[in-house]
Each structure stands twice: as C-alpha cells, then as structure tokens.
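To find a chain, count down the sequence lines: A is the first, B the second, and so on, and within it residues start at 1.
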Amino acid sequence: MLDAQFIRDNPGLVRKAIADKNAGEADLVDRALETDQQRRASLTDLQTLQQQLNEAGKQIGPLMKEGKRDEAAPLIEQTTQLKEQLKEVEETVRKREEAFNAVMLEIPNIPHESVPVGHSPEENEVVFEWDELPSFDFEPKPHWELATKHGLIDFERGAKVTGAGFPFYIGKGARLQRALIQFFLDLAGEAGYTEMQPPLVINEASGIGTGQLPDKEGQMYMTEPKIEELNNVLWRKLTELYQENENIEEPKIINTFVRDVMSEGHDLDVALKATAKVLAEQMIEEGLFALYMIPTAEVPVTNFHRDEILDAADLPIKYAAYTPCFRREAGSYGKDVRGLNRLHQFDKVELVRFVHPDESYDHLEQLREDAERAVQQLGLPYRRVLMCTGDMGFTQTKKYDLEVWSAGQGRWLEVSSISNFEAFQARRANIRFRPEGGGKPQFVHTLNGSALALPRIVAALLENNQQADGSIMIPECLRRYTGFDRITEVPG
RNA sequence: GGAGAGGUGGGUGAGUGGCUGAAACCACCGGUUUGCUAAACCGGCGUACUCCGAUUAGGGGUACCGAGGGUUCGAAUCCCUCCCUCUCCGCCA
C-alpha cells in the first residue's frame with residue numbers, strides 16, 4: 001500500500017507506475033483521490049458531531065452531580081438527536097473508508113528509477129550471464145528421466161497420493177534435498193541471518209500484510225471449516241436468538257430471509273436451517289475463518305514483526321527460513337510444468353531483511369550476492385536478470401531473478417527472485433522503527449530473496465552434472481551433507 | 001476437554017463511571033553540573049486520523065487502554081460476544 005498523502009501529492013507518478021507495471025485500470029488514481037476526498041469530508045462531519053456530543057456531555061456532568069436534572073433535560077434531549085445523526089454519519093464513514101481502502105489496495109508499488117520500463121519479459125535486462133555453458137559429448141537428458149532412472153523422485157506415485165505437482169523424493173533424492181537445505185541454511189548463517197522455522201499456515205491479516213491478499217488469493221491453498229459444522233453452529237445460534245426474540249432486529253436481512261422461506265409454507269425450523277446454510281456458504285465464500293498455506297516463507301517471516309515498533313539499533317534484521325511452499329499455479333501447462341519445473345509443493349530457503357529506508361538498495365545488492373553465492377558454490381551456470389516494470393509484480397520496486405542453466409532442457413530456470421518492497425509491505429503490515437535519537441516511528445523497508453528454491457536447483461544439478469556413464473556427480477560443497485559424491489545407477 | 005487469572009503507552013505497571021490520553025518507574029531525547037565516563041538534578045517524551053495555518057513553525061479537534069457490540073447525558077472502568085496469554089488438572093506427539 002502506498003501512502004495516501006503521497007498519492008495526493010504525486011498523482012502523476014502513481015499513474016505512470018500503474019501504466020508501466022500494467023497493473024490496474026487507468027482511473028485507479030482518480031478513484032483513489034475521489035474516494036479519499038469523500039472519506040475525509042464525512043470524517044470531518046463525524047468529528048464535528050462527536051465534538052458537539054462531548055461538549056454537551058461536559059455541561060451535563062456537573063448539572064447531574066448537583067442534582068439539577070431539569071436543567072440538564074434539554075441538553076440530554078439535544079444529545080439524543082445528535083446521536084441519531086451520528087449513527088447515519090458513522091455508516092457513511094464506514095462505507096467510504098471501505099471504498100477508499102479497496103482502491104488503495106489495488107494500487108501497485110512504484111518502480112525504482114533504475115528499473116527498465118517495459119511490458120513483456122523480453123524487456124527484462126540480462127545484467128550478467130555465465131559465459132561458458134557446459135558441453136557434452138552425448139545428448140544430455142532432462143532431469144525427469146535422470147531422476148526416474150536413478151529412483152530419486154517418484155512423480156507418478158505423488159500424483160496418485162495427492163495430485164500432479166506433488167512428487168516423492170526417495171533415497172538419495174531425499175538426501176540431496178536435505179543436503180541442499182542444510183547447505184543453504186549454513187551459508188545464510190555465515191552471512192549473518194538468524195535461522196527461523198515459521199508456521200506453514202497463515203491467517204488473512206498476514207496475507208494482506210505482505211500483499212498476497214487480496215489480489216493473489218487464487219495462488220494459495222486455503223483451509224476452510226467443514227460447511228456442515230459451520231452450518232450447525234449457525235443454526236443453533238439462530239434458533240437461540242429466535243427463541244428469545246421472535247424477530248431479529250439486526251441485521252434485518254436475516255429476518256427477511258427467514259420470513260421469505262416461511263412464506264413459501266415452511267415452518268420456522270426449516271427456515272432457520274435454510275438461513276444457516278446460506279449464511280455458512282456466504283461466510284466461507286468471503287474467506288472468513290480461512291487460513292492459507294504459505295506460498296513462500298516471506299509471508300510468515302515478514303509478518304513476524306507485524307504491528308511492531310523496532311529499535312533502530314537492531315536494524316538491519318536478517319532472517320533465513322527453510323519451508324515447504326505451496327502454490328496452486330492454476331493455468332500452466334506443457335513443458336513448463338514437466339518434472340520439477342513447476343510444482344504445487346516445493347522446498348525453499350528464503351532470506352528476509354528489515355532495514356533502514358536509506359539503505360534498502362544497498363541491502364538489495366547484498367541480498368542478491370547472498371543468493372548468487374549459493375549458486376556459484378554449487379558450480380551452476382547462471383544469469384542475473386533485472387526485471388522490467390511490467391514483469392516485476394505488484395508489490396516490488398525493484399527485482400532481480402537468478403536463473404540457472406538447465407542442460408537437459410536447454411533453457412534457463414528461475415531459482416531465485418530478490419526484491420525490494422521499500423515501505424509497501426511495512427505500511428500494510430505496520431512494521432516501523434524508532435529512529436536513532438528518538439522521534440516519530442517510521443516504516444522500515446522490507447526485502448526478501450530466495451536462496452534458493454530447491455526443485456530447479458535439483459533439476460539443474462542432475463542435468464548439468466550427468467556423466468557419459470549415466471552417473472551424476474555431486475558438487476564438492478554438498479558432499480559433506482549428502483555423504484556421497486556421486487549418484488550411480490542402481491540395478492533394479 | 002475441565003477450573004481459574006489476566007490482556008493498559010517502547011517496557012514494567014497503577015487506575016472500578018466525568019477532574020484519566022491515562023500515575024509512577026524504566027528506556028529514550030534535551031539541558032545543568034562534573035578531568036572523561038558514570039552518577040545526580042531539571043525539562044521533554046504515545047499513535048493514527050482530521051481541520052486551520054503557505055506543504056514551514058504552530059494551533060484546534062476526533063479516535064484509540066486485546067477486538068466487536070451494549071448500558072449511560074458520559075465508559076480503560078459496568079454488561080454481552082469473540083480472540084489471545086498465563087496457571088492448575090486431564091489428554092497427547
């Protein structure tokens with residue numbers, strides 16, 4: 001989320017950002033300004049009314065104490081009128097704030113000036129590329145063949161047990177995964193990151209804090225309560241209420257609905273059950289009670305400090321977390337999803353930094369180097385891509401991707417993306433710091449980057465290190481973790 | 001799952017209907033004093049929003065004591081619902 005004041009002051013900049021990022025309708029800024037205007041107008045009304053009420057209260061107080069009830073009476077009469085007005089204005093304010101917030105959540109973050117303007121992946125800048133790709137005197141095989149041949153990964157059984165995109169890792173395959181995780185975490189530890197094991201399921205507020213919600217809800221797996229249970233709870237509650245009251249005043253809609261059903265000739269109990277069902281469906285639809293499986297450790301780790309005021313002396317704060325990640329990735333087909341290229345569940349070590357706003361672009365480069373170091377030590381040919389405005393995503397101001405060479409597929413695979421969010425997440429998640437020497441709390445800048453996502457690293461390792469005899473060499477730096485230095489064909 | 005206690009500012013913690021945006025202490029900031037540091041003393045110090053002021057300085061107002069409702073002319077304080085934390089018991093990896 002951007003600062004409302006910033007949008008008021010720089011509508012042109014924000015319009016340009018929306019256009020450059022291809023993220024949202026052209027009139028977003030105008031809608032933001034308009035709803036902001038309305039919201040503030042009704043806020044002023046509200047505050048005036050509250051002020052009048054408070055003043056009346058201050059006059060009434062002493063009178064009541066002295067027992068001059070009749071002198072207070074006209075004032076009390078006045079407050080009842082004011083309170084009626086207040087109710088209406090409150091409702092208006094609520095609606096307008098809602099409208100304003102909805103628009104604000106749709107406005108993307110503003111790209112940094114160093115980011116190339118562009119609308120397609122072709123306009124990304126390859127800033128660095130390994131000059132020599134590995135060569136083979138045989139036809140290198142894709143990793144899914146290698147993995148299957150060596151019994152490292154079982155895609156079919158994964159599909160049977162869960163679905164496509166949920167493989168089993170077996171034997172040396174599983175061991176390799178564990179080795180990579182430990183290697184990455186150790187590297188992060190050496191670079192000064194504090195290791196963290198976060199929850200794998202998060203609530204709605206966390207999703208909003210880092211920007212996955214509301215716009216990317218479809219990307220996450222979601223847990224929801226059993227509708228029958230919710231149904232029953234609601235039905236019991238409604239029955240209770242109707243026994244007390246005959247009528248439910250608020251919200252009227254429930255009462256209306258119940259009567260509608262009864263007017264069709266059903267009795268109260270049937271009507272209540274029907275109402276409960278509709279309510280339950282609606283609540284689930286609206287995602288109330290929903291918890292989400294994390295699509296990346298960024299979400300729980302960044303939200304670790306949600307609603308906190310950090311000490312300036314503690315910055316930068318650096319965390320490293322290994323977690324499985326869950327992504328629905330609806331609508332991708334073909335070679336992109338073959339083998340390990342795109343999974344619904346995968347492992348990743350994520351690096352997160354909370355930093356002083358003045359230093360966030362230095363930290364972006366440091367974070368990038370932390371991730372690159374891992375790729376380098378694994379000896380994988382890679383390239384670094386600076387994402388253009390249109391390919392970068394809603395919440396970032398600047399983002400690098402690291403891509404490793406996949407010899408068996410003859411293409412680059414994204415294994416890391418490293419981003420600066422400036423204050424965008426911090427503002428949503430309300431993460432601030434108290435400046436050195438006191439003063440008002442300011443929003444921190446947050447950054448994160450993968451170091452690294454495992455599946456494509458495994459794919460590249462298998463493909464790039466395959467030998468003429470079919471065996472696969474394990475990179476030097478991993479051997480102390482794997483306990484073996486090559487994967488040979490197991491008979492049977 | 002059963003029983004009880006509790007959620008107040010950056011922290012500890014007082015506060016049972018108006019004089020409380022909230023004592024006191026700690027932390028922090030400014031100053032005085034002192035070879036230096038420390039101590040002592042004096043002063044300052046919540047957040048968000050909003051209006052006025054020239055987008056300064058500054059001033060006015062509103063809201064916020066876990067969240068949401070209610071009672072009341074008036075709620076941190078009373079009532080209801082929910083969430084969370086802690087203690088004891090039970091169950092359990």
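In this structure, A/Arg434 reaches the B/U47 phosphate: one of its side-chain N or O atoms is under 4.0 Å from OP1 or OP2. Listed pair A/Arg96 / B/U50 fails the phosphate criterion, with no side-chain N or O lying under 4.0 Å from OP1 or OP2. Residue A/Asn54 places at least one side-chain N or O closer than 4.0 Å to OP1 or OP2 of B/U62. Phosphate contact (OP1/OP2 of B/A48, side-chain N/O of A/Lys440, threshold under 4.0 Å): present. An OP1 or OP2 oxygen of B/U50 is reached within less than 4.0 angstrom by a side-chain nitrogen or oxygen of A/Arg8.
A salt bridge links A/Arg31 with A/Glu25: at least one charged nitrogen is closer than 4.0 Å to a carboxylate oxygen. Taking the charged nitrogens against the carboxylate oxygens, A/Arg434 and A/Asp311 have no contact shorter than 4.0 Å, which rules out a salt bridge. Under 4.0 Å is where a charged nitrogen must lie from a carboxylate oxygen, and between A/Lys87 and A/Glu91 no such pair does.
Projected onto RNA chain B by closest heavy-atom contact, A/Glu55 and A/Asp3 fall at different nucleotides, the more 5' of which corresponds to A/Asp3. Between A/Ala56 and A/Ile309, the residue anchored nearer the 5' end of RNA chain B, judged by the nucleotide with its closest heavy atom, is A/Ile309.
Taking the side chain of A/Ile76 as heavy atoms from C-beta on, and the options B/U47, B/C73, B/A63, the nearest nucleotide is B/C73. Closest contact between the side chain of A/Thr79 and the listed nucleotides B/C73, B/G46, B/U62 involves B/C73.
By the neighbour-count criterion of 12 heavy atoms within 6.0 Å, atom CZ of A/Arg157 is sparsely surrounded, having that number or fewer from other residues, nucleotides or ligands.
A distance of about 14 Å separates the P atoms of B/U8 and B/U77, rounded to the whole Å. Taking the C1' atom of each, B/G68 and B/G58 are spaced 38 Å apart, rounded to whole Å. Taking the P atoms as reference points, B/C51 lies 13 Å from B/U56, given to the whole Å. Rounded to a whole angstrom, the distance from the C1' atom of B/C25 to that of B/C83 is 31 Å. Taking atom P on both nucleotides, B/C78 is separated from B/G18 by 12 Å, rounded to a whole Å. For the C1' atoms, the distance linking B/U81 with B/A93 amounts to 34 Å, nearest Å. Here the separation of B/G6 from B/C79, taken at their P atoms, is 12 Å to the nearest Å. For B/C45 and B/A24, the C1' atoms lie 15 Å apart once the distance is rounded to whole Å.
A pairwise comparison of heavy atoms in A/Phe421 and A/Asn109 identifies O-ND2, 3.0 Å as the closest pair. Shortest non-hydrogen contact noted between A/Pro455 and A/Phe346 is CG-CB, 3.3 Å. Residues A/Arg96 and A/Ser42 approach most closely at CD-OG, 3.4 Å, considering heavy atoms.
Within residues 38-53 of chain A, the residues approaching RNA chain B are A/Arg39, A/Arg40, A/Leu43, A/Thr44, A/Gln47, A/Gln50, A/Gln51, by heavy-atom distance under 4.0 Å. Residues from residues 57-64 of chain A with heavy atoms under 4.0 angstrom of RNA chain B, sorted by number: A/Gly57, A/Ile60, A/Gly61, A/Met64.
Within the shown strands, nothing qualifies as a pairing partner of B/U37 under the Watson-Crick or G-U definition with both distances less than 3.5 Å. Across all strands shown, nothing is found opposite B/U55 as a Watson-Crick or G-U wobble partner with both distances under 3.5 Å. Pair check for B/U87 finds B/A3; Watson-Crick or G-U wobble, both atom distances under 3.5 Å. Judged by Watson-Crick or G-U wobble contacts below 3.5 Å, the nucleotide B/C49 has B/G61 as its partner. In this structure, B/A24 forms a base pair with B/U12, meeting either the Watson-Crick or the G-U wobble geometry with both donor-acceptor distances under 3.5 Å. Across every strand in view, B/G18 sits in a pair with B/C73 that passes the Watson-Crick or G-U test at under 3.5 angstrom.
Here the C1' atom of nucleotide B/A75 and the NZ atom of A/Lys83 are 12 Å apart, to the nearest Å. Counting to the nearest Å, the P atom of B/G68 and the CZ atom of A/Arg94 are 13 Å from each other. Atom CG of A/Asp311 and atom C1' of B/C29 are 13 Å apart (whole Å). Rounded to an integer number of Å, the gap from CG of A/Leu82 to P of B/U62 is 13 Å. A/Asp314 has its CG atom 16 Å from the P atom of B/G10, to the nearest Å. One atom, CD of A/Glu308, and another, C1' of B/G11, lie 13 Å apart when rounded to the nearest Å.
For A/Tyr292 and A/Tyr221, the ring centers are positioned 6.0 Å apart or more.
Note that CG of A/Asn10 and CZ of A/Arg15 are 11.0 Å apart. Values are rounded to the nearest 0.5 Å.
For A/Lys348 and A/Thr296, the side-chain atoms include at least one donor-acceptor pair closer than 3.5 Å. For the 3.5 Å distance criterion, the side chains of A/Thr446 and A/Arg353 fail to qualify, holding no donor opposite an acceptor.
Legend: residues meeting ring pair (Phe, Tyr, Trp, His ring centres under 6.0 Å) with A/Phe168, ordered by chain and number and at least two apart, are absent.
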